Amino acid sequence: MSAQQRRADVLARVAHLPLFAGLERRSLVRVADELQWIALPGGAELFAENDVPDAVYVLVAGSLGAFRLVDGRLKLLGRVQPGETVGEMALLSGHVRTATVRALRDSEVVRFSLEGFERLAKQHPDAMLAIARVAVERLERTLEAKRQDPPPRTLALLPAHPGLDLEPLVERLAYAMARFGTVAVVGADEGRDATISELHDIEADHAKVIYVGSSDPAWNERCRRQADTLVLVADAREPAVAIDAASATDAYQAILLVLMHPGRIVPGAARAWRTRLGIEQHLHVRDHNDIDRLARHLAHRAVGVVFSGGGARGFAHIGAIRAMREAGLAIDSVGGTSIGSLMAAAIALEWEDDLIQSCFQRSFVATNPLSDYTIPLVALVAGRKASRLLRREFTEIDIEDLPLPFYAVSADLADGRSVVHRSGPLWRALRASIAIPGVLPPVCQGGKVLVDGGVIDNLPIAAMRKRHHGPVIGIDIAGNHALATDLDETDLPSAWALLMARWRGHPKRPGILRILLRAGMVNSASTAEANAAMSDLIVKPPVDNIDLLAWQRFEDAIASGYAHTRAALAKATL
């Protein structure tokens, strides 16, 4: 390519960028002569932390990431989008680079030397204003510490094993994602020989681009390098195998395992594939509804719901679930603690409203799960009845085999931290999550002493935010006034006085079960403000008048949860 052709090509490709948009053609020609065009394959380093600054770079196509070394590992600080400059802060301050910048995908940048940058600043102050504006916007994004990254614009769907036909999934997924913007599907035939700029043009013209893998390893590798999110697709009936795409995926690239099932979920397939590939997140696909859910997850429009603990007040969750479903809200991920974890499990199992209501009425109202009292060496009740009820109602299914993403939260008394259960037997995770200290025996496992998660956080929204991208609703039924008394005493009166006081109905004295239940939620009160900040909507049904152990207030709690959630959703924008 001649110098004249090169200049014309550079002019055509940078004239629209914010840094150069205000320049006259004559000035732009002089600038173009000083630019160096650089092609960066995905994963390549542009410059490193502590480097001496010698240039400003402008991203033309692709995506860059800024990283900083934290505890010996690179941590992603933020992303640079096409049209933005990078490296200007160090150049302006005269200090060394404060971050390492790498290509998150195959990218193209232009390099503007220190001398050229200084000349541009003197001759065209408007260009400097454009750079300052980009730098300020990037700083604001960092200071705001936004809860979520922007949704991925490019996806790579890769087969996890030979012989997998991706066409039916791709067709339905593209249709489902079109609700969130225009979608382009790029297969090997169209994309194998395309340049980075040509692929960038496709991405610029569409809200989402799906790169579809094939049997060609070279094309699959290019799909991986071009994608913000990697989606590995496997037939759940096939034995799990290790593939290069999973191990080659960088830590900053989101990766999701999609398991295709023949109608019913194949037990154990998720655990086998996740273990083999070292992937933490997966979704099950059985039908079009599951593909629609996959599309919402990939578009960061999936709805996550977190349920709090609160004893008998937890029945309000049943009404809240009914209200959300009647409002047409598709619940895509669930989590909770204590009785809230049981409600979340019911949704993850895709129980209908009538089944949820009959299950909890049978297990809590018709029979008290906390009635097998024992010698209180560890707890007031033996816990065998609660374990038996959980196994009967929730069966022996593993969390990985639930149709919806689910977690339950318990608290480890050994180290004072929350434990998020995302794998293993469902009933056992639920048993740990409802183990009220002093009431139910703890679940001891792997050196951990697991009790009710409400001890630390009674509305565990942080666990949802860690993996879920999309609106999050918190249903908080703990209430503000769990205990009340009109006593003024330090020590208990005699047993005879206690009996007489109870017979007369005065004074008001909380019992040991209520004290233990409430004590298990006191510490989590400090997390309420943080939970509200991480949520898109917090629903607090008015259930303060329902005692924590008033199982007989079943219908009252349901009605309160239904009415309040319905009203809250009518005002909310998710």
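Residue numbers count from 1 along this sequence. For clarity, every value in this text was computed on a predicted model and none was experimentally measured. We use all heavy atoms of the structure for the numbers below, so side chains are in, but hydrogens, waters and symmetry mates are not.
- Sequence neighbours left out, not one pair with a member in residues 157-169 passes side chain to side chain donor-acceptor pair (under 3.5 Å).
- Residue pairs meeting the ring pair (Phe, Tyr, Trp, His ring centres under 6.0 Å) criterion with at least one partner in residues 405-440, sequence neighbours excluded, are absent.
- Using the six-membered ring where Trp is involved, F315 and F364 have ring planes that are perpendicular, over 60° apart on the 30 and 60° scheme.
- For CD of E280, the number of neighbouring non-hydrogen atoms (other residues, nucleotides, ligands) closer than 6.0 Å is 12 at most.
- R286 and H261 are not linked by any side-chain donor-acceptor pair at a separation below 3.5 angstrom, with hydrogens and angles left out of the test.
- Between the CD atom in E400 and the CZ atom in R422 there is a gap of 11.5 Å [rounded to 0.5 Å].
- Distance CD1/I279 to CD1/I255: 3.5 Å, rounded to 0.5 Å.
- With hydrogens and angles left out, the side-chain atoms of S63 and R79 include no donor and acceptor closer than 3.5 Å.
- Enclosure of atom CD in E171 is not indicated, since only 12 or fewer non-hydrogen atoms of other residues, nucleotides or ligands lie within 6.0 angstrom.
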List the steps, then state whether salt bridge (Lys or Arg N to Asp or Glu O under 4.0 Å) holds for D547 with R553. CA-CA 8 Å; D547 188 83; R553 299 285 303 277; over 6 Å; no
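- With no hydrogens or angles considered, a side-chain donor-acceptor pair links R322 and Q357 at under 3.5 Å.
- Side-chain atoms of N531 come within 3.5 Å of backbone atoms of L459 as a donor-acceptor pair (strictly under, hydrogens ignored).
- Atom CD of E396 is surrounded by more than 12 heavy atoms from other residues, nucleotides or ligands within 6.0 Å.
- One distance of note links CD1 of I475 with NE2 of H564; it measures 9.0 Å at 0.5 Å rounding.
- A salt bridge links R172 to D292: at least one charged side-chain nitrogen sits closer than 4.0 Å to a carboxylate oxygen.
- Rounding to the nearest 0.5 Å gives a distance of 7.0 Å between CG of D452 and CG of N458.
- Remark: Y562 OH to I558 CD1 distance equals 12.5 Å, nearest 0.5 Å.
- Residues V231 and L298 form a side-chain contact, since some pair of their non-hydrogen atoms from C-beta on lies under 4.5 Å apart.
- With rounding to the nearest 0.5 angstrom, the OG1 atom of T154 is 9.0 Å from the NZ atom of K208.
- W351 and F394 have parallel rings, their planes meeting at less than 30° on a 0 to 90° scale where 60° marks the start of perpendicular.
- Here the rule is side-chain contact (heavy atoms from CB on, under 4.5 Å) with V409, and of V420, V419, V306 only V420 fits it.
- A side-chain donor-acceptor contact under 3.5 Å links K385 and T367.
- A 4.5 Å side-chain heavy-atom check between H469 and R296 finds every atom pair outside the cut-off.
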